[in-house]
Amino acid sequence: MTASTTANRETMGFQTEVKQLLQLMIHSLYSNREIFLRELVSNASDACDKLRFEGLHNEALFEHDSELAIRIFFDKDARTLTISDNGIGMNRDEVIANLGTIAKSGTREFFSLLSGDQQKDANLIGQFGVGFYSAFIVADKVVVLTRRAGEQADQGVRWESDGGGEFDIEMVNKPARGTEITLHLREGQDDLLAGYKLREIIRKYSNHIVQPILMKKEEWKDGAQQIGDEDETVNQASALWARGKNDISEEEYREFYKHVGHDYDEPLAWSHARVEGRQEYTQLLYIPKHAPFDLWDRNARHGIKLYVRRVFIMDDAEQLMPLYLRFVRGVVDSADLPLNVSREILQESKDIEAIRKGCSGKVLGLLADMAEKEPEKYAVFWKEFGKVLKEGVGEDFANKDKIAALLRFASTQSDTPDETVAFKDYIARMKDGQGKIYYVTAETFNAAKNSPHLEVFRKKGIEVLLLSDRVDEWALSYLTEFDGKQLASVAKGGLDLGKLEDEEEKKTQEKKAGEMKPLLEKIKASLGDKVKDVRVTHRLTDSPACLVADEHDMSANLARMLKAAGQNAPATQPILEINPQHPVVARLQAEEQHFDDWAAVLFDQALLAEGGQLDDPATFVKRINQLMLEMGK
Ligand code: ADP
Ligand code: MG
């Protein structure tokens, strides 16, 4: 940032991204300019919440005025509109950081969506709001006066900008704490200088704001509209979640979500309930439509706002939701917790545990309902948050079965990874005599779909689940069965197809195995400690060989994943299975001179086919070339 100073006044440059954003605001036509007020009111409300929270531990911050409110007034002659609050306020450093740069998620996301097309991008602003900077949609000059709660009157800060590349900042006197934002309206925005118009916008977007939004009463006097001295509350100013469900419109639920979820989009679904019993609380929980950019940052604060008897206590109370439901947004209002509850207390509280259980149950119920009644909506949810939900299988033992029922997987009947089945559907179309749910894990959908381990399943028409999310292996290690049906990896242990096996087939195979014994032993000796065993396969129809893990060993896929993540994986020794029907294997039986090369190639190609990496690719290539030359002879 560049700075130039005269006395106490300083001029600073905006961060580059802010400049871009402001350019866009100023030079486009807006489909929805009214959202500026929603953004400024939302910030004022957040500021009041913050003061309420800090004030719980430091009464002095209230400066003997604990009636938090937001005020809006306009001056027709000056053509200004002012939004003020007596919330937490900002000091100089905070003003520079908060109103000079972009740090927050919403705006970053906004930037990632910009197309470069003025009209399209302008519409995007309409949807997003992009926070404080929305003020420049309707104003060509914005003045912010603010003082942080608890500071002296002379610690006020005045910020001013015309939305160009710079802003001015200076220290001023401000007796009242909080923030006052004055918008000098652009040409053509004069319709905003009317009480009824502002009231209409406030009721449309900010009705659910908990603090009262006050405006001067207007009355008819001497045949004209006069603005009086008395304040009146324009919004409903009651906690939305505390109202009866029948009193709340869908629209109100949606607008409230945008505020609590800091989202520009509509929610996918919500659940609103008052819970009575050992713990009494109200919860209003939302499932978003799309994942936030920091979904995978397990340290990011996320979640639910906690209130106690309508008093805001804290944002992102992560104790209220298990980690695998970290995408849920909303409010929990407890009737029993003490007002001075802190994060530390929350961590240990049995009451909170009961609330968390109740809330997880509600969310899982909401999802189960959606999966059953609105499968298309559920597919949207699954695509965005499925991977996170899978963590729940290993995290929430009490709800393991409920979570398992919500899982979706691609299968050998899917053409794309997005075509998924539930365990229930899989079981419904299991073959007669099929006792197990079969799955294969691999690093990608295609690797799983084309895995040689599937050959016999394909031949017999048995469906196999294709697992290619990183979290799958880990999650399934906690899930051994579903609805009484055992889950079995097709790449592990001796394959037992039970009743699906054909007696004839079995006999020929056993006979083959006997005949092959000398060859198997020769291969094993040749490969040395690369393999745990070499045996005849029941899995392959088209490929000459494949690798499998012993029943209780770690799967090769999981070992590879752990290694890639820099973790210690126990050295696994796979079992090499050979297909006696394959011409390459027949050819091997006759081979003498290059037997070791043939055996090594057989092993390496089996490893490659399942997505593994060769220890020594150069030697593999050399061997292949050599074998190709041999064949040409
Ligand atoms: P967001 O509200 O998503 O954080 P905004 O652009 O709306 O982003 O606001 C940026 C930041 O400026 C806020 O996070 C807050 O710290 C600060 N801020 C804005 N308005 C106020 C206000 N009225 N009182 C105190 N701080 C404010
Ligand atoms: Mg904001």
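In each ligand, atom 1 is the first atom listed, and ligand 1 is the first ligand listed. Please read these numbers as outputs of a predicted model, since none were measured by experiment.
Taking each of I181, N86, N43, V18 in turn, the one with a heavy atom nearest to atom 2 (O) of ligand 1 proves to be N43. The residue from L51, N98, T101 that puts a heavy atom closest to atom 15 (C) of ligand 1 is N98.
Within the 4.5 Å cutoff, the side chain of L21 has no heavy atoms near those of the F136 side chain. Here the side chains of N98 and E94 are in contact, with some heavy-atom distance below 4.5 Å.
Ligand 1 has no nitrogen or oxygen under 3.5 angstrom from a nitrogen or oxygen of G89. In terms of polar-atom proximity, defined here as any N/O pair under 3.5 Å, D85 does make such a contact with ligand 1. In terms of N/O distances under 3.5 Å, ligand 1 is not approached by D46.
Checking side-chain atoms of K377 against main-chain N and O of L268 turns up a donor-acceptor pair under 3.5 Å.
Backbone or side-chain N, O or S atoms of S42 do not reach the Mg ion (ligand 2) at under 2.8 Å.
Salt-bridge annotation for R254 and E250: present, with a side-chain N of the basic residue lying under 4.0 Å from a carboxylate O of the acidic one.
If you number the atoms of ligand 1 from 1 as listed, the ones under 4.0 Å from a heavy atom of F132 come out as 5 (P), 6 (O), 7 (O). Atom numbering of ligand 1 starts at 1 in the shown order; those under 4.0 Å from a heavy atom of G131 are 5 (P), 6 (O), 7 (O).
Using a 4.0 Å heavy-atom cutoff, E39 is absent from the residues neighbouring ligand 1.
Neither the backbone nor the side chain of E94 comes within 4.0 Å of ligand 1, counting heavy atoms alone.
The CE atom of M370 sits 5.5 Å away from the CG atom of L367 when rounded to the nearest 0.5 Å.
Screening K217, K216, R199 for a salt bridge (Lys or Arg N to Asp or Glu O under 4.0 Å) involving E232 leaves a single residue, R199.
Around atom NZ of K383, no more than 12 heavy atoms belonging to other residues, nucleotides or ligands sit under 6.0 Å away.
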